[in-house]
Chemist: 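Below you'll find the structure I mean.
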Amino acid sequence: MADNETPIVEEDNEQVEVRKHKLAKLRDGGQNVYPNDFKPTHSVTQAVAAAEGASDDELHANHREVAVAGRIMAIRRMGKASFFQIQDRRGRLQVYARKDRIGDDAYGLFQSFDIGDLVGVTGHLFRTKTKELTVEAAGLRLLTKCLRPLPEKWHGLADVEARYRQRYVDLMVNPEVRDVFEKRSRIVRLLRRFFEDRDFLEVETPMMQSIPGGAAAKPFITHHNALDLELHLRVAPELFLKRLLVGGFERVFELNRNFRNEGISVRHNPEFTMVEFYQAYATFEDLIQLTEELFVAIANDVAGGLQLPYNGATIDLTRPWQRLTIRDAILVHGGAEEKDVANLESLQAFAKQRGLKIDLDVPYGKLLVAVFEEVAEAKLIQPTFLTGFPIEVSPLARKNDQDPAMVDRFELYIGGRELANAFSELNDPADQRQRFLEQMQARAAGDEEANPIDDDYVRALEYGMPPAAGEGIGIDRLVMFFTDSASIRDVILFPLLRPHR
RNA sequence: GAGCCGUUAGCUCAGUCGGUAGAGCAUCUGCCUUUUAAGCAGAGGGUCGCCGGUUCAAGUCCGGCACGGCUCACCA
């Protein structure tokens with residue numbers, strides 16, 4: 001612990017005192033109060049499966065013995081017999097304990113149990129008269145005492161700040177939160193399988209980089225003591241992944257964290273997870289197909305269909321998805337006319353006339369993107385591949401063969417939010433060096449997000465990078481979409497918050 | 001960074017016109033052997049986020065601060 005941190009000693013409230021006292025009493029009685037020798041034979045789900053198909057009479061005649069462990073989430077005491085519910089990783093199961101079956105000592109132990117305690121139960125399964133599957137306890141053990149009271153059983157933990165700061169409590173008492181993160185895990189698993197099935201190799205490239213490139217973003221800066229070296233947390237893995245294309249790994253993907261030192265919002269967390277993948281001898285057109293396949297595969301698995309609720313709308317993932325150029329998006333969704341987007345001057349006039357709060361003193365391509373973000377982005381609700389990106393905002397993308405002011409690139413929008421960004425890769429080292437030089441000029445002019453030149457990356461291109469296409473998909477936003485979550489913090493277990501309190 | 005809103009018992013929340021604080025769950029005591037937010041009877045529990053101001057009197061009004069939420073800004 002650092003010198004300037006003082007350990008916070010909270011005073012125990014009455015309920016904590018009572019629980020600590022109960023624990024001390026057991027300890028004084030010679031019990032190991034933190035045992036680790038209880039072996040559950042069944043999870044809650046397995047216990048339910050063990051009774052499936054068996055009639056009440058069969059359960060009565062042929063006992064299904066189980067040993068289950070979990071956290072007590074509810075207790076209904078009725079004198080000399082009681083019901084309580086335990087919760088494990090898969091669900092909840094009721095336990096029935098009666099004094100005349102388990103004996104005075106065990107029932108006495110049970111009397112000291114509190115909501116939140118982790119307990120082990122052995123016994124056989126039966127159904128109550130309301131047909132609820134229940135363990136008739138023969139043995140009861142305290143496995144770990146819960147020293148703090150749990151939130152209210154009916155409303156759970158509602159305070160948003162407390163939910164993020166004490167996610168462990170949130171997960172205990174709010175099942176829908178657990179569900180979101182289980183889905184997240186499932187989506188990540190599907191992604192890996194999807195790419196592995198297509199012969200992609202999963203790799204890990206540096207998160208600490210001396211030259212932070214691959215995206216227009218402000219990096220976090222850190223320092224390596226032994227080398228006395230300034231390092232940056234990566235804003236993207238792109239430049240390293242493409243070095244691997246040069247090296248001969250023709251299909252690679254990396255699913256990992258990136259860090260951007262920028263604002264925090266319902267769509268931005270300073271650290272976020274992205275999958276980036278690169279495929280040699282493919283174009284951004286191929287990635288459009290791949291992206292549709294990927295989303296459909298995930299939707300079928302986690303949502304069971306292609307119609308998904310999101311942010312109050314119903315998103316239809318039925319292929320093929322709409323395509324729209326940035327220009328057309330401004331025309332269709334921004335109410336502009338052809339002449340408004342024809343050149344820099346007319347676009348500036350349009351932006352001014354609309355009262356858009358954007359910097360007008362920029363090149364045509366940048367202004368086009370800025371106007372799009374103002375007037376059209378939020379309206380791309382159904383899945384849309386946005387194309388027709390200008391070269392000024394795409395320093396790593398391949399020029400379009402017909403129009404050298406444009407690049408072969410798309411961004412995927414769903415629900416008005418960018419979920420993916422992909423392009424055919426620039427593999428001409430001379431062109432790439434020129435783009436870096438332009439980025440450096442922008443940097444010198446004060447653009448903190450412009451890519452710094454990476455000489456070794458250009459050298460790698462000089463060895464020859466196969467023509468390729470690459471894409472990045474924001475996993476947090478992807479999970480937001482598939483779980484209909486309004487805030488990125490709802491899909492990140494421990495989102496960044498100011499310390500304190 | 002700006003605007004708006006919030007912060008009251010362990011949790012979820014009330015709190016009127018400024019008059020020294022309430023409910024439900026949880027806790028404690030007693031009763032209760034098939035309950036389902038179990039029930040019945042009783043009890044305890046508060047730095048009203050923090051600091052200052054106005055006032056005879058502040059949870060309540062005013063100012064500042066902290067933390068959080070939303071919107072905007074920022075953000076390929």
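Atom set for the values below is all heavy atoms of this structure, side chains included, hydrogens, waters and symmetry mates excluded. In the text below, chain A, chain B and the rest are named by the order of the sequence lines, each starting its count at 1.
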Chemist: For A:Val16, which contact category applies under a 4.0 Å heavy-atom criterion: base, sugar-phosphate, or nothing?
Modeler: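 If one applies the 4.0 Å heavy-atom cut-off, A:Val16 turns out to touch nothing in the nucleic acid.
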Chemist: Within the 4.0 Å heavy-atom criterion, would you say A:Pro495 contacts the bases, only the backbone, or no part of the nucleic acid?
Modeler: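 A:Pro495: no heavy atom of the nucleic acid under 4.0 Å.
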Chemist: Hey, are A:Asp159 and A:Arg163 close enough for a salt bridge, meaning a charged N less than 4.0 Å from a carboxylate O?
Modeler: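 No, A:Asp159 and A:Arg163 are not salt-bridged.
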Chemist: CZ of A:Arg165 versus C1' of B:rG49: gap in Å, rounded?
Modeler: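 Atom CZ in A:Arg165 sits about 13 Å away from atom C1' in B:rG49.
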Chemist: Using a heavy-atom cut-off of 4.0 Å across all strands, would you classify A:Leu157 as base, sugar-phosphate, or nothing?
Modeler: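 Sugar-phosphate, no base atom in range.
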Chemist: Ignoring hydrogens and angles, answer whether the base of B:rA26 and the side-chain atoms of A:Glu152 contain a donor-acceptor pair closer than 3.5 Å.
Modeler: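 Between B:rA26 and A:Glu152, which were checked side chain against base, a qualifying N/O pair under 3.5 Å is absent.
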Chemist: Specify the glycosidic conformation (syn or anti) of B:rU20, with syn defined as within 90° of 0.
Modeler: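 That one's syn.
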Chemist: Just to be sure I understand the rule, does A:Val369 reach a base, reach only the sugar-phosphate, or reach nothing, if contact means heavy atoms closer than 4.0 Å?
Modeler: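 Here A:Val369 touches no strand at all.
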Chemist: Considering every strand and a 4.0 Å limit on heavy-atom distances, what is the contact class for A:Arg77: base, sugar-phosphate, or nothing?
Modeler: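 Here A:Arg77 touches the bases of the nucleic acid.
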Chemist: Within the structure shown, what part of the strands sits under 4.0 Å from A:Ala158 by heavy-atom distance: base, sugar-phosphate, or nothing?
Modeler: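 Sugar-phosphate contact only.
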Chemist: Can you tell me, in whole Å, how much space there is between the C1' of B:rG10 and that of B:rU27?
Modeler: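 Between the two C1' atoms, the distance is 9 Å.
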Chemist: Which part of the nucleic acid does A:Phe84 contact within heavy-atom distance under 4.0 Å: base, sugar-phosphate only, or nothing?
Modeler: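 Here A:Phe84 touches no strand at all.
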Chemist: Classify A:Lys366 by what it touches in the nucleic acid, base, sugar-phosphate, or nothing, heavy-atom distance under 4.0 Å.
Modeler: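 Since no nucleic acid heavy atom lies under 4.0 Å of A:Lys366, the category is nothing.
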Chemist: For a quick check of understanding: with a heavy-atom distance under 4.0 Å over all strands, which category does A:Lys153 fall into, base, sugar-phosphate or nothing?
Modeler: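 Sugar-phosphate contact only.
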Chemist: Tell me whether the centres of the aromatic rings in A:Tyr413 and A:Phe372 are closer together than 6.0 Å.
Modeler: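 Ring centres of A:Phe372 and A:Tyr413 closer than 6.0 Å.
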Chemist: Please confirm whether the ring centroid of A:Phe423 lies under 6.0 Å from the ring centroid of A:Phe284.
Modeler: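 Between A:Phe423 and A:Phe284, the centre distance exceeds or equals 6.0 Å.
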Chemist: Tell me the partner of B:rC17, counting only Watson-Crick (N1-N3 plus N6-O4 or O6-N4) or G-U wobble (N1-O2 and O6-N3) with both under 3.5 Å; none if nothing fits.
Modeler: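 Partner of B:rC17: none.
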Chemist: What's A:Glu449 touching, base or sugar-phosphate or nothing? Going by heavy atoms closer than 4.0 Å.
Modeler: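 It contacts sugar-phosphate atoms only.
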Chemist: Classify the ring geometry between A:Tyr107 and A:Phe110 as parallel (under 30°), tilted (30 to 60°) or perpendicular (over 60°).
Modeler: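 Rings of A:Tyr107 and A:Phe110: tilted, 30 to 60°.
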Chemist: With C1' as the reference atom in both, quote the distance from B:rU12 to B:rU7 in angstrom, rounded to an integer.
Modeler: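 It comes out at 14 Å once rounded to the nearest Å.
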Chemist: B:rA26 base to A:Arg148 side chain: any donor-acceptor pair below 3.5 Å?
Modeler: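 No.
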Chemist: What nucleotide, of B:rC67, B:rA26, B:rC28, holds the atom closest to the side chain of A:Glu14?
Modeler: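 Ranking B:rC67, B:rA26, B:rC28 by closest atom to the A:Glu14 side chain puts B:rC28 first.
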Chemist: Just name whichever nucleotide pairs with B:rG59, Watson-Crick or G-U, keeping both distances under 3.5 Å, else none.
Modeler: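 In the structure as shown, B:rG59 has no Watson-Crick or wobble partner.
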Chemist: Spell out yes or no: do the side chain of A:Glu132 and the base of B:rU35 have one donor N/O and one acceptor N/O closer than 3.5 Å?
Modeler: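 Not at all, since no donor on one side and acceptor on the other fall under 3.5 Å apart.
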Chemist: Counting only heavy atoms not in A:Asp100 (residues, nucleotides, ligands), do more than 12 fall under 6.0 Å from its CG?
Modeler: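 Enclosed.
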Chemist: So what does A:Glu418 hit on the nucleic acid, given a heavy-atom distance under 4.0 Å: a base, only sugar-phosphate, or nothing?
Modeler: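 Answer is sugar-phosphate: A:Glu418 comes under 4.0 Å of backbone atoms only.
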Chemist: Using a 4.0 Å heavy-atom cut-off across all strands, classify A:Arg98 as base, sugar-phosphate, or nothing.
Modeler: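 A:Arg98: base contact, heavy atoms under 4.0 Å.
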Chemist: Give one of base, sugar-phosphate or nothing for A:Arg489, where a contact means two heavy atoms less than 4.0 Å apart.
Modeler: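 Sugar-phosphate, no base atom in range.
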Chemist: Is B:rU71 paired to anything, Watson-Crick or G-U wobble with both distances less than 3.5 Å, and if yes, which nucleotide?
Modeler: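 Base-paired to B:rA2.
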Chemist: Using the P atom in both, what is the distance from B:rU60 to B:rG19, to the nearest Å?
Modeler: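 B:rU60 and B:rG19 have their P atoms separated by 11 Å.
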